[in-house]
Amino acid sequence: MRREPVIAHQPLGSSAGPVDNDNPSLSATEGTEDVSDLQDRSIGDIIREAKRLTDAQIDKILAYQRKHGLRFGEAAVALKLVTNDDVLWALSQQFHYPYAPNGKSDCNPELVVAANPFCEQAEAFRELRSQLMMGVLSLSEARRALAVVSPDVGDGKTFVAANMAVAFSQLGGRALLVDADMRTPRQHKLFGIDNSNGLSSILSGRSRQNVIHQVPDLPTLFVLPVGAVPPNPLELVQRPAFGLLMHELLSKFDYVVVDTPASVHGADARVVAAKCGAALVIGRRGKSRMKSMQTLITGLSKGPTQLAGVIVNEQ
């Protein structure tokens, strides 16, 4: 079981088109469907289509529903024609709240907000999302991407970044997860996407297509993986092209979350965070040292990065 993120401190206050190394211009896939264009359907219609229920089964459910004064989904569950998970999934479709429950997709179980959106861990991510949107990511603030940073490998940074991206995508806007951890990348494994081209390919000018991928089952979530691990990751993110790319991505997506290398690897995370505009610091109970956490926070505070807060992964 993964550790639940607990807020420990909160300060007050698909494919892409050509990307030029000096002037990145990225055109993300426009295949998502506008919620306003969707026609509301009843739970019965959604369940019937998903479970391929016959007319006789529908009549049986309706009769049971009338007799016992139940909702359609409750009656279908009582008759064992569907499961509770089927009803939750149908509700998510009706309210345009995409997720990928276990058994219905190949979603990695680490993506708890997608695979099990009604659990306590998912609720913790939604709480964190709300705090961020009332703070550094509020509409009254300048547009910023959120860099997720941590002192060491294994602190849960990738886990938090991935689930925060899913949580933002469930608001209905277009969310992008950028894997800028060009030391130990893992987002492509969590989402099961092709990693042959990615951020390193863009910044080195070697690839201009097929770098942003739409996530199956989560139509408003996109992932930009690392691509090949380069020998010079710090130099790549320090180039002007990375800042230009982040500016372009913020113009194309409603929310941008960026995974970064652990600070034990060097200055990569601080450089990335500075170009994102905001940073969320992750620590792990029983592992992260106060000195290393303070060093990271102090380093971030010396630049233009707005500290979004500090959270602790608890076992």
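When reading the values below, keep in mind they use all heavy atoms of this one structure, side chains included, and skip hydrogens, waters and symmetry mates. Predicted, not measured: the structure shown is a model, and the values here were computed from it.
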Participant: Test side-chain contact (heavy atoms from CB on, under 4.5 Å) on H265 and V153; report intermediate values, then the result.
Facilitator: CA-CA 9 Å; H265 290 305; V153 176; 3.6 Å; yes
Participant: Walk me through it: do V226 and H188 pass the test side-chain contact (heavy atoms from CB on, under 4.5 Å)?
Facilitator: CA-CA 8 Å; V226 160; H188 63 284; 5.9 Å; no
Participant: With R289, which residues qualify under salt bridge (charged side-chain N to carboxylate O under 4.0 Å, His left out), at least two apart?
Facilitator: none
Participant: Do K287 and D155 have side-chain heavy atoms sitting under 4.5 Å apart?
Facilitator: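 When only atoms from C-beta onward are counted, D155 and K287 do touch, with a gap below 4.5 Å.
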Participant: Side chains of R186 and D181: closer than 4.5 Å at any heavy-atom pair?
Facilitator: no
Participant: Rounded to the nearest 0.5 Å, how far apart are CE of M182 and OG1 of T260?
Facilitator: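 Those atoms lie 11.0 Å apart.
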Participant: For a quick test of reading the model, state the closest non-hydrogen atom pair linking P261 to D268 and the distance between them.
Facilitator: CG-CB, 3.6 Å
Participant: Distance check, rounded to the nearest 0.5 Å: L171 atom CG versus Y255 atom OH?
Facilitator: 4.5 Å
Participant: Can you confirm whether L307 sits close enough to S301 that some side-chain heavy atom of one is under 4.5 Å from a side-chain heavy atom of the other?
Facilitator: no
Participant: Roughly how far, to the nearest 0.5 Å, is the OG1 atom of T158 from the CG atom of L190?
Facilitator: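 So the gap between those two atoms works out to 7.0 Å.
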Participant: Check for a donor-acceptor pair, side chain of S201 on one end and backbone N or O of R206 on the other, with a separation under 3.5 Å.
Facilitator: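 It does not hold such a pair.
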Participant: Hey, is the main chain of R284 close enough, under 3.5 Å, to the side chain of S288 for a donor-acceptor pair?
Facilitator: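 Indeed, once roles are kept as given, a pair shorter than 3.5 Å links the two residues.
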Participant: I'd like to check D152 versus S292 (side-chain heavy atoms, cut-off strictly below 4.5 Å). Are they in contact?
Facilitator: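 They are not in side-chain contact.
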Participant: Roughly how far, to the nearest 0.5 Å, is the CD atom of Q57 from the CD1 atom of I47?
Facilitator: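 The CD atom of Q57 is 12.0 Å from CD1 of I47, to the nearest 0.5 Å.
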Participant: Look at the side-chain heavy atoms of Ile, Leu, Val, Met, Phe, Trp and Tyr, link any pair under 4.5 Å apart, and say whether L79 and L62 land in one connected group.
Facilitator: yes
Participant: Heavy-atom count around K189 NZ within 6.0 Å, excluding the residue itself: above 12?
Facilitator: no
Participant: Test of understanding: with salt bridge (charged side-chain N to carboxylate O under 4.0 Å, His left out), list the residues that count as partners of K60, not counting sequence neighbours.
Facilitator: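 Here no residue qualifies.
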Participant: Would you name the heavy atoms of V82 and G73 that are closest together and state the gap between them?
Facilitator: CG2-O, 4.4 Å
Participant: Determine the minimum heavy-atom distance between L224 and V211, stating which atoms define it.
Facilitator: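 Where L224 meets V211 most closely, the heavy atoms are CD1-O, 3.2 Å.
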Participant: Where the side chain of S169 meets the backbone of T220, is there a donor-acceptor pair that is under 3.5 Å apart?
Facilitator: no
Participant: Identify which one of V113, L132, L221, D254 satisfies the side chain to side chain contact (heavy atoms under 4.5 Å, CB included) criterion when paired with F168.
Facilitator: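 Single pass found, and it is L132.
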Participant: Which pairs would a plain distance check flag for residues 270-283, meaning a side-chain donor or acceptor within less than 3.5 Å of a matching protein atom at least two apart in sequence or in another chain?
Facilitator:
residue : atom : partner : partner atom : Å
K275    : NZ   : V237    : O            : 2.8
K275    : NZ   : Q238    : O            : 3.2
K275    : NZ   : R239    : O            : 3.0

Participant: Would you indicate whether the side-chain heavy atoms of M293 and P151 approach each other to under 4.5 Å?
Facilitator: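 Side chain of P151 against side chain of M293, heavy atoms only: contact under 4.5 Å found.
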Participant: Could you check whether any side-chain N or O of S251 sits under 3.5 Å from a backbone N or O of E248, counting only pairs where one atom can act as donor and the other as acceptor?
Facilitator: yes
Participant: Minimum heavy-atom separation for L177 and A161, please, with both atom names.
Facilitator: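 What the structure gives for the nearest pair is CD1-O, 3.9 Å.
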Participant: Taking salt bridge (charged side-chain N to carboxylate O under 4.0 Å, His left out) as the test, write out the residues that go with E235, two or more places apart.
Facilitator: none
Participant: Quick check: closest heavy atoms across A114 and P117, and the distance to 0.1 Å?
Facilitator: O-CD, 3.9 Å
Participant: Fit a plane to each ring of F159 and F125, take the angle between them on a 0 to 90° scale, and name the class: parallel (under 30°), tilted (30 to 60°) or perpendicular (over 60°).
Facilitator: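 The arrangement is perpendicular - the two ring planes meet at more than 60°.
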Participant: Taking only residues two or more places apart in sequence, or in another chain, which ones meet D179 in a salt bridge (charged side-chain N to carboxylate O under 4.0 Å, His left out)?
Facilitator: none
Participant: What residue pairs, at least two apart or across chains, pass salt bridge (charged side-chain N to carboxylate O under 4.0 Å, His left out) with a residue in residues 256-265?
Facilitator: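 Passing the test, one end in residues 256-265: K157-D259.
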Participant: Looking only at non-hydrogen atoms, find the nearest pair between P225 and N197 and report the distance.
Facilitator: CG-O, 3.6 Å
Participant: Once you round to the nearest 0.5 Å, how far does CG of L245 lie from CG of L199?
Facilitator: 6.5 Å
Participant: Under 3.5 Å, is there a donor-acceptor pair between the side chain of N163 and the main chain of E110?
Facilitator: yes
Participant: Under 4.5 Å between any side-chain heavy atoms of L249 and M246, yes or no?
Facilitator: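 Counting from C-beta outward, L249 and M246 do come under 4.5 Å.
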Participant: Rounded to the nearest 0.5 Å, how far apart are CG of L137 and CZ of R129?
Facilitator: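 Answer for the CG-CZ pair, L137 versus R129, is 12.0 Å.
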Participant: Let's go through V77 and E74 carefully: what are the C-alpha distance in whole Å and the side-chain angles of both, what is the deciding distance for side-chain contact (heavy atoms from CB on, under 4.5 Å) to 0.1 Å, and is it a yes or a no?
Facilitator: CA-CA 5 Å; V77 171; E74 293 172 331; 5.8 Å; no
Participant: Take F242 and L236 through the side-chain contact (heavy atoms from CB on, under 4.5 Å) test and state the conclusion after the steps.
Facilitator: CA-CA 7 Å; F242 182 68; L236 287 181; over 6 Å; no
